*Asks:* 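Mind having a look at this structure? Questions to follow.
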Amino acid sequence: MSNVLVTGAAGFIGSHTCEALLARGHGVVGVDNFRSGKRENLAAAQRHASFRFVEGDVAGPDTLRDLVRDTRIDAIIHLAALVSVPQSITEPDENFRLNVLATQRVVDAARQASAALGGNTATTKERVRVVFASSAAVYGDNPELPLTERSETRPISPYGGAKLASEALLLGQGAAYGFSVRCLRYFNVFGPRQDPKSPYSGVISIFCDRLRAKAAPAIFGDGGQTRDFVSVHDVARANTLAATTPGLGNGVTNICTGKPTSLNQLAAVLGREFAGAPAPRHADERPGDIRHSLGSPDRARAELGFTAEVSLETGLRELVRSQ
Ligand code: UD2
């Protein structure tokens with residue numbers, strides 16, 4: 001069993017990841033400063049004896065250093081981030097601090113943890129593992145369908161650029177200092193605890209919020225645009241596999257379903273879940289919207305043994321009933 005450090009533990013993906021690790025018998029040390037994470041997201045994890053929580057800023061100079069000094073760490077799952085693409089545009093320095101500088105702190109912590117495990121070279125047998133929350137945003141406006149890990153990266157936001165830069169920082173330094181690195185490029189993640197309150201939140205959390213209030217959701221454009229929606233439960237399982245599968249080499253991996261869903265299809269499924277809710281209305285297309293985004297799940301299956309298992313219908317039903 002591993003002892004896993006999870007940054008961004010109180011966040012949407014982080015809290016589910018802690019629970020997935022704990023359910024499989026691993027020890028978890030969670031870190032979060034509640035900038036966007038929420039205390040209540042930790043409730044389930046905190047019921048486990050093998051969960052410990054440290055409040056702190058991952059980008060700060062001491063938080064991870066102090067933690068790794070006092071605790072044996074086998075793997076780090078780095079999920080703490082500035083998650084809003086529009087905010088990365090209005091606050092580029094904060095984007096750099098939280099989405100790039102924090103990654104370097106994780107590198108330092110991985111080196112320190114490797115030294116504590118008795119080796120810090122490329123020949124160390126049991127390597128410290130780093131799993132990084134990357135994003136399909138690294139592909140930007142690349143129209144290739146499906147996007148594979150070999151597709152050209154063309155970020156079109158500070159957020160996408162920072163995620164790509166962090167991948168490179170981790171892979172280069174992991175190879176030099178002897179810790180293993182898996183960068184997981186999540187596609188459109190949905191599920192319980194996703195914050196619906198910003199106009200830039202994921203479409204599923206926005207639609208559920210509207211329908212619950214018996215208000216019509218707005219479909220931007222004709223609704224023919226498609227996304228690859230993946231359940232947070234599958235993402236949490238992928239994180240766990242990447243952190244604990246023996247012998248996994250360094251690299252990047254899409255975390256997606258490989259199945260496209262149009263906005264019209266999404267609205268139809270949700271309409272069935274909210275009986276009596278109003279039909280969606282169509283609004284102007286969102287400027288800069290990407291028409292289709294779809295990932296290839298092949299590498300995740302081959303290298304991680306990961307296939308998404310939660311169908312959109314099942315995931316949406318659970319989401320609607322959890323609220
Ligand atoms: C991501 C970012 C977005 C922007 C975009 C750039 C998130 C949550 N979103 O959007 O901020 O940078 O990448 O490509 O990180 N939609 C509606 N009605 C709504 C909300 C959304 O029709 O009320 C549509 C939207 O136009 C899009 C689809 O739903 O076609 C998915 O939108 P999203 O923001 O959930 O995800 P994405 O990948 O387009």
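First listed ligand is number 1; within each ligand, the first listed atom is number 1. This chain uses plain numbering: 1 for the first residue, then up along the sequence. Given the structure is predicted, the values throughout are model-derived calculations rather than measurements.
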*Asks:* Examine the proximity of ligand 1 to N188 and report which part, side chain or backbone, both or neither, has a heavy atom under 4.0 Å away.
*Replies:*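 Looking at N188 and ligand 1, just side chain atoms fall under 4.0 Å.
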*Asks:* Consider only side-chain N and O atoms of E318 and H233, and report whether a donor and an acceptor are under 3.5 Å apart.
*Replies:*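 Judged by distance alone, the side chains do pair up.
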*Asks:* Which residues pass the side-chain hydrogen bond (donor to acceptor under 3.5 Å, both in side chains) test with T103, not counting sequence neighbours?
*Replies:*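 Expected list: S166.
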*Asks:* Kindly identify the option in D289, V83, D195 whose heavy atom sits closest to atom 25 (C) of ligand 1.
*Replies:*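 The nearest heavy atom belongs to D289.
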*Asks:* Looking only at non-hydrogen atoms, which of F190, Y139, F220, F229 approaches atom 17 (C) of ligand 1 most closely?
*Replies:*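 Comparing heavy atoms across F190, Y139, F220, F229, the nearest one to atom 17 (C) of ligand 1 lies in F220.
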*Asks:* How does I206 reach ligand 1, by side chain, by backbone, by both or by neither, if only non-hydrogen atoms under 4.0 Å count?
*Replies:*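 Side chain only.
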*Asks:* Is there a heavy atom in S293 that sits closer than 4.0 Å to ligand 1?
*Replies:*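 No, that is not the case, since the closest heavy atom of the residue is not under 4.0 Å from the ligand.
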*Asks:* Going by heavy atoms, is Y159 under 4.0 Å from ligand 1?
*Replies:*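 No; Y159 lies far enough from ligand 1 that no heavy-atom distance drops under 4.0 Å.
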*Asks:* Closest by any non-hydrogen atom to atom 11 (O) of ligand 1: pick that one out of P86, G224, G221.
*Replies:*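 Among P86, G224, G221, the closest heavy atom to atom 11 (O) of ligand 1 belongs to P86.
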*Asks:* Does the ring centre of F132 sit less than 6.0 Å away from the ring centre of Y186?
*Replies:*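 Y186 vs F132: aromatic centres not under 6.0 Å.
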*Asks:* Would you say R52 and T71 are linked by a side-chain donor-acceptor pair, where the criterion is simply a distance under 3.5 Å?
*Replies:*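 Result is yes, a qualifying pair exists.
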*Asks:* Within ligand 1, which atoms have a heavy atom of G202 less than 4.0 Å away?
*Replies:*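 Going through ligand 1 atom by atom, the ones under 4.0 Å from G202 are 8 (C), 35 (O).
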*Asks:* Please confirm whether F207 comes within less than 3.5 Å of ligand 1 when only nitrogen or oxygen atoms on both sides are compared.
*Replies:*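 F207 vs ligand 1: no N/O contact under 3.5 Å.
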*Asks:* Heavy atoms only: which of T226, L263, D284 lies closest to atom 28 (C) of ligand 1?
*Replies:*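 Looking at heavy atoms only, the winner is L263.
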*Asks:* Stepwise, does the side chain to side chain donor-acceptor pair (under 3.5 Å) test hold for R129 with S2?
*Replies:* CA-CA 10 Å; R129 290 151 169 273; S2 300; over 6 Å; no
*Asks:* At less than 4.0 angstrom from any non-hydrogen atom of I219, what atoms of ligand 1 do you find?
*Replies:*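 In order of number, 22 (O).
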*Asks:* For the residue pair Q104 and Q173, confirm or rule out a side-chain donor-acceptor distance under 3.5 Å.
*Replies:*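 Judged by distance alone, the side chains do pair up.
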*Asks:* Please identify each residue that fulfils side-chain hydrogen bond (donor to acceptor under 3.5 Å, both in side chains) with D32, with sequence neighbours left out.
*Replies:*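 Result, side-chain hydrogen bond (donor to acceptor under 3.5 Å, both in side chains) vs D32: none returned.
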*Asks:* Run down the list Q225, R286, R227 and name the one with the heavy atom closest to atom 33 (P) of ligand 1.
*Replies:*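 Among Q225, R286, R227, the closest heavy atom to atom 33 (P) of ligand 1 belongs to R286.
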*Asks:* List ligand 1 atoms under 4.0 Å from I290, heavy atoms only on the residue side.
*Replies:*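 Those qualifying, in numeric order: 14 (O).
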*Asks:* Would you say the side chains of R193 and S15 form a donor-acceptor pair under 3.5 Å?
*Replies:*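 On atom types as modelled, these side chains qualify, holding a pair under 3.5 Å.
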*Asks:* Would D228 and T257 count as a side chain to side chain donor-acceptor pair (under 3.5 Å) if you check the C-alpha gap in whole Å, the side-chain angles of each, and the deciding distance to 0.1 Å?
*Replies:* CA-CA 6 Å; D228 187 330; T257 66; 2.7 Å; yes
*Asks:* Under 3.5 Å between some N or O of ligand 1 and some N or O of A218?
*Replies:*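 The answer is yes, given that A218 and ligand 1 share an N or O pair closer than 3.5 Å.
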